[in-house]
Amino acid sequence: MLVAVLTYVGYGVLTLFGYLRDFLRHLRIEKCHRATEREEQKDFVSLYQDFENFYTRNLYMRIRDNWNRPICSVPGARVDIMERQSHDYNWSFKYTGNIIKGVINMGSYNYLGFARNTGACQEAAARVLEQYGVGVCSTRQEIGNLDKHEELEKLVASFLGVEAAMTYGMGFATNSMNIPALVGKGCLILSDELNHASLVLGARLSGATIRIFKHNNMQSLEKLLKDAIVYGQPRTRRPWKKILILVEGIYSMEGSIVRLPEVIALKKKYKAYLYLDEAHSIGALGPTGRGVVDYFGLDPEDVDVMMGTFTKSFGASGGYIGGKKELIDYLRTHSHSAVYATSLSPPVVEQIVTSMKCIMGQDGTTLGKECIQQLAENTRYFRRRLKEMGFIIYGNEDSPVVPLMLYMPAKIGAFGREMLKRNIGVVVVGFPATPIIESRARFCLSAAHTREILDTALKEIDEVGDLLQLKYSRHRLVPLLDRPFDETTYEETED
Amino acid sequence: MKTEEAIIYSYGFATIASAIPAYSKRGDIVFADRAACFAIQKGLQASRSDIKLFKHNDMADLERLLKEQEIEDQKNPRKARVTRRFIVAEGLYVNTGAICPLPELVKLKYKYKARIFLEESLSFGVLGEHGRGVTEHFGINIDDIDLISANMENSLASIGGFCCGRSFVIDHQRLSGQGYCFSASLPPLLAAAAIEALNIMEENPGLFAVLKEKCKRIHKALQGISGLKVVGESFSPALHLQLEESTGSREKDIKLLQEIVNQCMSRSIALTQARYLEKEEKCLPPPSIRVVVTVEQTEEELERAAATIKEVAQAVLL
């Protein structure tokens with residue numbers, strides 16, 4: 001309670017200062033560092049409204065050095081960051097020429113440690129680069145369909161346990177271009193509160209009606225489903241053509257895992273379709289790394305559309321959709337991406353093929369299995385230690401995404417900078433990616449992290465936590481969101 | 001490109017489709033060309049602004065629409081002071097191969113106070129003395145254009161796209177461009193390939209003159225085919241071959257063109273039909289075969305290609 005009040009007070013003070021500064025800038029007392037409109041275009045309607053940029057100018061600019069940090073090495077367990085300095089309070093940056101080496105990387109989505117520049121994946125990619133080149137310069141339906149793409153799609157389908165799969169060049173584009181191809185006007189989309197921007201954009205572009213249910217809350221979802229079936233479309237009362245439920249495997253800002261068994265039970269009861277976005281969970285969850293379906297031990301045939309990206313666990317880029325053969329054939333002809341957007345680049349395809357074979361164990365080593373086990377151990381160890389220290393951690397026990405709550409705006413900047421001083425790179429997130437009083441630092445664990453690296457990191461986090469007074473769990477804040485599996489563990493830390 | 005700042009996206013389609021909604025919101029007005037490519041259409045749809053389409057490359061039509069808008073504005077000056085106006089055009093249109101009349105667009109811009117967004121996917125690396133695109137081709141000051149967006153998948157043979165312009169305009173996208181904030185960045189391999197390609201472009205400005213020559217040659221060589229007409233400028237590297245008289249139904253047209261493509265393929269000339277999603281496009285272009293020229297093709301190859309297409313077309317259409 002006290003924390004919430006202090007957070008609001010913090011934002012209030014910043015807003016006041018913001019207004020004061022704007023006033024001074026208007027009176028030309030304070031120098032305006034921002035780029036301004038051209039002289040010739042001064043009488044055009046202004047491109048940005050003043051208030052939109054209020055947040056950017058006054059709050060974001062103060063702590064801007066925590067974001068967009070340029071790195072100059074492979075984003076593995078350790079990374080090299082280029083040092084930047086700002087002499088005018090973050091309005092502009094200069095590179096000092098130093099490189100901070102060996103920063104422990106707790107921010108990259110490198111769940112299985114495939115972000116390397118040595119090893120089988122890299123050699124295979126180099127070979128394909130020499131053979132096929134980099135660019136494809138055409139769309140899938142025209143001259144961009146390489147034999148490598150066909151090979152990859154068969155492999156993805158066998159990995160997921162579905163009939164067929166189709167790959168696309170960008171994960172964001174996969175969602176925003178295929179949801180409009182699957183649903184249209186007259187359909188209903190039920191989407192989780194905290195869905196990713198790509199799902200929201202795809203749902204908006206499709207023209208269907210969108211209804212939102214509370215995060216991971218099955219009662220809310222059931223109520224919406226019941227209403228939809230009973231009342232039908234809003235004005236005409238006709239039944240909906242299709243009902244599509246959009247959920248994600250692991251939510252990247254919360255670290256929570258979707259309650260898949262219950263969602264599938266609801267889906268079967270009310271005959272709706274399920275679209276599962278496994279961007280973070282593929283490769284990271286489950287005893288064989290096949291994602292959230294594997295984690296719960298369910299049948300992949302139950303999920304109608306399985307979507308995922310190759311950016312996180314496979315160390316490449318791009319997205320895929322897997323499902324029944326009719327669905328994929330339909331998408332091959334009707335997806336916006338297949339007709340207008342270029343296909344995956346050949347070396348990237350080779351990287352995915354090699355890493356997927358490694359995870360499945362098809363390349364003859366047990367490297368894949370070891371990585372998956374290492375990741376699971378790391379996750380459990382890290383979360384347990386952080387909870388013991390007294391931080392507030394969101395999310396499921398088994399999810400490798402660990403958000404640590406910071407709450408106050410000043411602590412966002414302070415946490416980021418202190419950690420960098422101690423050679424640990426973290427990602428801090430604030431408004432607008434999270435609700436305004438719930439800013440957090442997000443740790444992404446990886447199979448490449450060894451026990452020593454984690455211990456070093458934990459020691460530093462402990463110190464910084466004491467320094468900044470981040471160990472909130474005594475305050476027993478009632479969780480605002482329904483967290484599925486860890487109500488019991490809160491009792492443990494309450495001493 | 002000699003601009004202040006540029007921002008890189010990891011996918012060409014997402015570049016323009018994220019750039020337009022970052023600036024133009026509900027209540028703003030966008031004037032777009034009818035033959036704009038699909039990525040632009042999606043960007044416009046995501047922005048929820050009022051869209052007014054003007055006839056392809058018809059400046060008189062655009063002026064008419066702008067005048068109508070001005071009259072509307074005078075009725076309601078308070079609203080007019082906050083509605084932003086944008087004109088979206090392509091340098092070289094992918095769907096028709098025509099070039100946009102940029103000097104007139106710039107004149108209209110200053111007369112009616114609208115901002116210009118230019119999409120240079122096809123013209124970047126093709127037009128102009130140094131390949132800087134349609135602004136260099138016409139000799140216009142690049143600061144006159146508010147935003148130039150292009151994808152690196154055509155001339156630079158990499159993956160991804162970029163937007164360039166003044167810092168005032170581009171910096172906004174770092175926090176509000178959806179494809180930039182919410183998506184993974186470009187793999188270093190592809191970025192390095194693009195950097196190398198740009199270095200090559202800077203070192204050999206002679207490339208562009210050679211490309212222009214070849215485009216003109218192909219254009220002339222394909223002129224005389226009976227039954228097919230060539231659509232596109234003579235210096236555009238991608239031209240369309242459309243049927244002179246359509247058979248009436250789109251499917252039959254597509255079948256005929258596919259016959260031509262298949263026969264050419266069997267004589268080792270790779271062509272493709274321009275593909276569109278028929279239900280989703282706002283203004284569907286007629287079916288056509290897209291012919292694309294590269295700098296690497298030699299003169300004999302070009303001649304042979306043109307001759308083969310002629311033969312096949314005569315065989316199939318007569």
Side-chain angles (χ1 to χ4, degrees), chain A residues 34-38 40-41 43-49 52-53 56 60 68 74 109 125 129 133-139 141-143 169-173 176-177 180-181 196-198 201 204-205 309 311-312 316-317 333-342 344-345 347-348 351 432-433, chain B residues 4-5 10-14 17 23 37-39 42 45-46 48 80-85 110 113-115 143-144 146 151-154 156-159 166-169 171-172 174-176 178-179 181-187 189-190 193-194 270 272-277 279-280 290 292:
Chain A
R34 295 173 56 213
T36 46
E37 183 67 274
R38 284 174 79 203
E40 297 94 339
Q41 291 182 212
D43 52 348
F44 279 36
V45 178
S46 59
L47 192 54
Y48 313 119
Q49 286 167 327
E52 267 170 25
N53 282 22
T56 320
Y60 181 68
N68 284 13
V74 171
Y109 302 136
L129 177 64
V134 172
V136 180
C137 305
S138 186
T139 66
Q141 279 201 1
E142 295 179 12
I143 311 193
M170 183 190 190
F172 187 97
S176 50
M177 291 199 253
H196 190 251
S198 56
L201 185 63
R204 268 179 45 201
L205 283 177
T309 58
T311 327
K312 281 98 186 176
S317 73
T333 42
H334 287 84
S335 157
H336 304 334
S337 171
V339 184
Y340 292 106
T342 48
L344 279 166
S345 166
V348 174
Q351 158 80 14
Chain B
E4 271 182 351
E5 198 167 331
S10 53
Y11 205 46
F13 190 96
Y23 300 103
C37 68
F38 194 69
K42 282 293 147 189
Q45 198 183 349
R48 299 201 171 175
R81 242 180 297 140
V82 289
T83 1
R84 296 174 276 236
R85 264 146 273 169
Y110 283 116
K113 315 242 184 312
R115 294 170 199 265
D143 280 338
D144 276 336
D146 295 276
N151 70 15
M152 307 197 276
E153 292 157 4
N154 298 341
L156 296 181
S158 174
I159 306 270
R166 299 184 62 244
S167 296
F168 177 67
V169 182
D171 219 21
H172 181 69
R174 290 197 196 272
L175 272 186
S176 64
Q178 295 231 321
C181 302
F182 293 114
S183 180
S185 41
L186 195 57
L189 170 70
L190 303 170
T272 173
Q273 273 202 55
R275 302 261 175 205
Y276 305 103
L277 271 178
K279 297 197 193 98
E280 307 276 341
R290 193 182 291 139
V292 186

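Lettering of chains follows the sequences in order, A, B, ..., and the numbering in each one begins at 1.
With a threshold of 4.5 angstrom between heavy atoms, B/Ala39 does not approach chain A through any atom at all. Both the backbone and the side chain of A/Ala341 come within contact range of chain B, each with at least one heavy atom under 4.5 Å from a heavy atom of that chain. Heavy atoms closer than 4.5 Å to chain A are found in both the backbone and the side chain of B/Ala46. Of the two parts of A/Ser337, only the side chain, counted from C-beta on, holds a non-hydrogen atom closer than 4.5 Å to a non-hydrogen atom of chain B. Of the atoms belonging to B/Ser176, not a single heavy atom falls under 4.5 Å from chain A.
In this structure, B/Tyr11 contributes its side chain and A/Thr342 its backbone to a donor-acceptor pair below 3.5 Å. With B/Glu153 contributing its side chain and B/Ser158 its backbone, the two residues share no donor-acceptor pair below 3.5 Å. At distances below 3.5 Å, not a single donor-acceptor pair connects side-chain atoms of A/Ser198 with backbone N or O atoms of A/Ser176.
Rounded to the nearest 0.5 angstrom, A/Thr309 OG1 and A/Tyr109 OH are separated by 9.5 Å.
Within the 4.5 Å cutoff, the side chain of B/Phe13 has heavy atoms near those of the A/Met177 side chain.
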